[in-house]
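This report concerns only the one structure given below.
Heavy atoms only: backbone and side chains are in, while hydrogens, waters and symmetry mates are out. Chain naming here is simple, since letters A, B, ... match the order of the sequence lines and numbering starts at 1 in each. These numbers were taken from a predicted model, which means no experiment stands behind them.
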Protein chains: 2
Amino acid sequence: MPDTLIGESLHQLMHAYKRALRQAYADAGLTLTVSHIRTLKAIRSLAPCTAQRIAQRTQRDKAQITRLLHDLLDAGIIAKRPHAEDRRSRILALTAHGHGVMEQIDESERHAHQRLAAGLDAADLETFVRLSRLMVDNLH
Amino acid sequence: MPDTLIGESLHQLMHAYKRALRQAYADAGLTLTVSHIRTLKAIRSLAPCTAQRIAQRTQRDKAQITRLLHDLLDAGIIAKRPHAEDRRSRILALTAHGHGVMEQIDESERHAHQRLAAGLDAADLETFVRLSRLMVDNLH
DNA sequence: GCCTTCGGTTGACAATGTCAACTAATTGAA
DNA sequence: TTCAATTAGTTGACATTGTCAACCGAAGGC
């Protein structure tokens with residue numbers, strides 16, 4: 001098994017996946033980028049949460065998170081309130097509007113994910129995720 | 001199995017993998033980017049080949065390929081010669097210097113790949129690649 | 001010969017990623 | 001209590017990666 005095969009497979013899959021996502025979002029009339037949407041999913045999943053928590057979850061640079069959050073706040077998709085215990089931090093959550101946007105996102109991704117997983121059964125998918133996780137953990 | 005789990009796993013794995021690669025290249029004193037190196041690997045694998053072939057293999061935009069090839073030609077890592085049958089095209093291959101650089105690249109990646117695959121056996125890796133390929137094909 | 005398609009180039013811009021410097025807040029040790 | 005070290009988030013600057021368009025000359029098909 002040549003090492004390069006994993007790397008190349010990953011690159012190609014990532015490109016293809018992102019392209020599929022972008023197409024799905026564009027088809028749904030969503031103007032948000034993959035990064036914005038990924039951040040929103042993290043917020044939904046972690047809500048209520050802080051910027052730091054999102055950065056940890058998504059393994060992204062806090063500077064990037066700040067910028068993405070700024071856009072999402074401006075768009076009224078998320079809202080912030082003070083953190084009860086830490087004045088440096090804010091608590092973030094989806095707005096009602098944001099919940100609607102998330103539904104659009106979920107709907108638009110449905111097709112992309114169905115295509116991605118066509119012909120793969122639940123065990124395959126679970127294996128893929130499990131192996132991915134192992135590899136991520138290996139690199140941390 | 002929530003759809004978002006695959007996507008999020010992929011994002012995280014890709015980020016981690018690229019970071020590991022960049023670190024490995026930097027540690028080896030290589031100044032080439034992940035994209036340059038990926039292009040070189042394609043050339044080595046396909047040599048002799050054309051820009052178009054590389055673009056196909058790596059699923060990248062031909063404009064990007066042109067730019068990357070330009071850098072690699074400038075650095076003397078690859079060389080070009082006329083295409084026997086198509087005056088629009090050139091045949092590309094690694095130079096002797098380029099072969100040396102590739103050895104450095106392989107050496108530097110060794111560690112990163114070992115870490116990536118720690119605790120995974122050959123069957124796991126093969127499964128990962130197989131599933132990745134299936135998914136890429138699904139999206140094309 | 002003519003028209004369409006194609007390989008590669010260049011331009012322009014968007015998206016994503018990294019690192020540094022900074023401020024204000026928090027924490028923990030003395 | 002004090003103070004130094006650390007931390008959450010912000011801003012700046014720049015690099016890397018990705019997309020799409022326009023273009024030119026070459027190739028291919030009718």
Side-chain angles (χ1 to χ4, degrees), chain A residues 10-23 25-26 30-39 42-43 46 48-74 78 80-92, chain B residues 10-23 25-26 30-39 42-43 46 48-74 78 80-92:
Chain A
L10 256 186
H11 275 108
Q12 286 182 28
L13 178 53
M14 198 68 219
H15 289 329
Y17 179 59
K18 279 191 174 174
R19 273 193 222 106
L21 286 183
R22 278 195 296 265
Q23 184 63 58
Y25 301 149
L30 289 163
T31 56
L32 297 169
T33 63
V34 169
S35 293
H36 284 116
I37 288 172
R38 192 161 162 240
T39 302
I43 292 172
L46 298 167
C49 63
T50 61
Q52 192 213 34
R53 190 76 192 84
I54 297 165
Q56 276 175 349
R57 163 61 72 86
T58 58
Q59 287 292 306
R60 296 195 61 165
D61 184 67
K62 58 182 183 174
Q64 283 293 98
I65 298 299
T66 294
R67 291 172 172 130
L68 291 165
L69 292 177
H70 182 265
D71 296 338
L72 297 172
L73 284 164
D74 277 357
I78 61 174
K80 64 184 179 182
R81 62 175 200 261
H83 192 295
E85 287 143 28
D86 189 338
R87 298 217 348 257
R88 302 172 301 181
S89 195
R90 294 113 19 108
I91 299 290
L92 301 156
Chain B
L10 257 185
H11 276 107
Q12 286 183 28
L13 178 53
M14 198 69 220
H15 290 328
Y17 179 59
K18 279 191 176 174
R19 273 192 223 105
L21 286 183
R22 279 195 295 266
Q23 184 62 58
Y25 302 149
L30 289 163
T31 55
L32 297 169
T33 63
V34 170
S35 294
H36 284 117
I37 288 169
R38 195 163 160 239
T39 302
I43 292 171
L46 298 167
C49 62
T50 61
Q52 193 213 31
R53 188 77 193 83
I54 297 164
Q56 276 175 347
R57 163 61 74 85
T58 57
Q59 289 292 304
R60 297 195 61 166
D61 184 68
K62 58 183 183 173
Q64 284 292 101
I65 298 298
T66 294
R67 289 171 173 128
L68 291 164
L69 292 177
H70 182 266
D71 294 339
L72 297 171
L73 285 163
D74 277 359
I78 61 171
K80 62 182 180 182
R81 62 176 200 261
H83 191 294
E85 287 142 30
D86 187 339
R87 300 223 338 266
R88 301 173 300 183
S89 196
R90 296 117 9 114
I91 298 291
L92 302 155

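In the model, A:R60 has a side-chain atom that pairs as donor or acceptor with a side-chain atom of A:S35 under 3.5 Å.
In terms of the side-chain contact (heavy atoms from CB on, under 4.5 Å) criterion, residue partners of A:R22 (sequence neighbours excluded) are, by chain and number, A:K18, A:R19, A:V34. Residues meeting the salt bridge (charged side-chain N to carboxylate O under 4.0 Å, His left out) test with B:D86, sequence neighbours left out: B:R88. With sequence neighbours excluded, no residue forms a side-chain hydrogen bond (donor to acceptor under 3.5 Å, both in side chains) with B:S89. For A:Q52, the side-chain hydrogen bond (donor to acceptor under 3.5 Å, both in side chains) criterion is met by no residue, not counting sequence neighbours. Residues meeting the side-chain hydrogen bond (donor to acceptor under 3.5 Å, both in side chains) test with B:T58, sequence neighbours left out: none. With sequence neighbours excluded, the residues that form a salt bridge (charged side-chain N to carboxylate O under 4.0 Å, His left out) with B:R38 are A:E8.
Separating the NZ atom of A:K18 from the P atom of C:dT16 is a distance of 6 Å, rounded to the nearest angstrom. Summarising the geometry, the separation between CZ on B:R19 and C1' on C:dT18 is reported as 10 Å, rounded to the nearest angstrom. As rounded to whole Å, 18 Å separates atom P of C:dG7 from atom NZ of B:K80. Separating the NE2 atom of B:H70 from the C1' atom of C:dG11 is a distance of 15 Å, rounded to the nearest angstrom. The distance between atom NE2 of B:H83 and atom C1' of C:dG7, rounded to the nearest whole Å, is 10 Å. Atom-to-atom, CD1 of B:I37 to P of D:dA15 comes out at 18 Å; the value is rounded to the nearest Å. What separates CD of A:Q23 from P of D:dG18 is a distance of 17 Å, to the nearest Å. Rounded to whole Å, atom C1' of D:dA8 lies 10 Å from atom CZ of A:R90.
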Could you go step by step and tell me if B:L92 and B:T50 meet the side-chain contact (heavy atoms from CB on, under 4.5 Å) rule? CA-CA 6 Å; B:L92 302 155; B:T50 61; 5.8 Å; no
I'd like to know whether B:L73 forms a side-chain contact (heavy atoms from CB on, under 4.5 Å) with B:R90, so could you lay out the CA-CA distance, the side-chain angles of the two residues, the decisive distance to 0.1 Å, and finally the verdict.
CA-CA 12 Å; B:L73 285 163; B:R90 296 117 9 114; 4.2 Å; yes
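Residue A:S89 is classed as a sugar-phosphate contact, given heavy-atom separations below 4.0 Å to backbone atoms only. Contacts of A:R38 with the nucleic acid, taken as non-hydrogen atoms under 4.0 Å apart, are absent. Using a 4.0 Å heavy-atom distance criterion, A:T66 is classed as a base contact.
Residue A:T33 places at least one side-chain N or O closer than 4.0 Å to OP1 or OP2 of C:dT16. In this structure, A:H15 reaches the D:dG18 phosphate: one of its side-chain N or O atoms is under 4.0 Å from OP1 or OP2. Residue B:S35 has no polar side-chain atom (N or O) positioned under 4.0 Å from OP1 or OP2 of D:dT16. The phosphate of D:dT17 (OP1 or OP2) has no side-chain N or O of B:R22 nearer than 4.0 angstrom.
Rounding to the nearest 0.5 Å gives a distance of 9.5 Å between CG of B:L68 and CD1 of B:I54. Atom CZ of B:R57 and atom CD of B:Q59 lie 10.5 Å apart (nearest 0.5 Å).
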Scoring nucleotides 20-30 of chain D by protein non-hydrogen atoms under 4.0 Å (B base, S sugar-phosphate only, - none) yields B----BBS---
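For the segment residues 48-60 of chain A, the set of residues with a heavy atom within less than 4.0 Å of an atom of DNA chain C comprises A:R60, in numerical order.
Within the structure, side chain to side chain donor-acceptor pair (under 3.5 Å) pairs that include any residue of residues 61-73 of chain A comprise A:H36-A:D71 (at least two apart or interchain).
Across the helix from C:dG1-D:dC30 to C:dA30-D:dT1, the helix axis at one end is tilted relative to the axis at the other end by 30° (nearest 10 degrees, each axis from five pairs).
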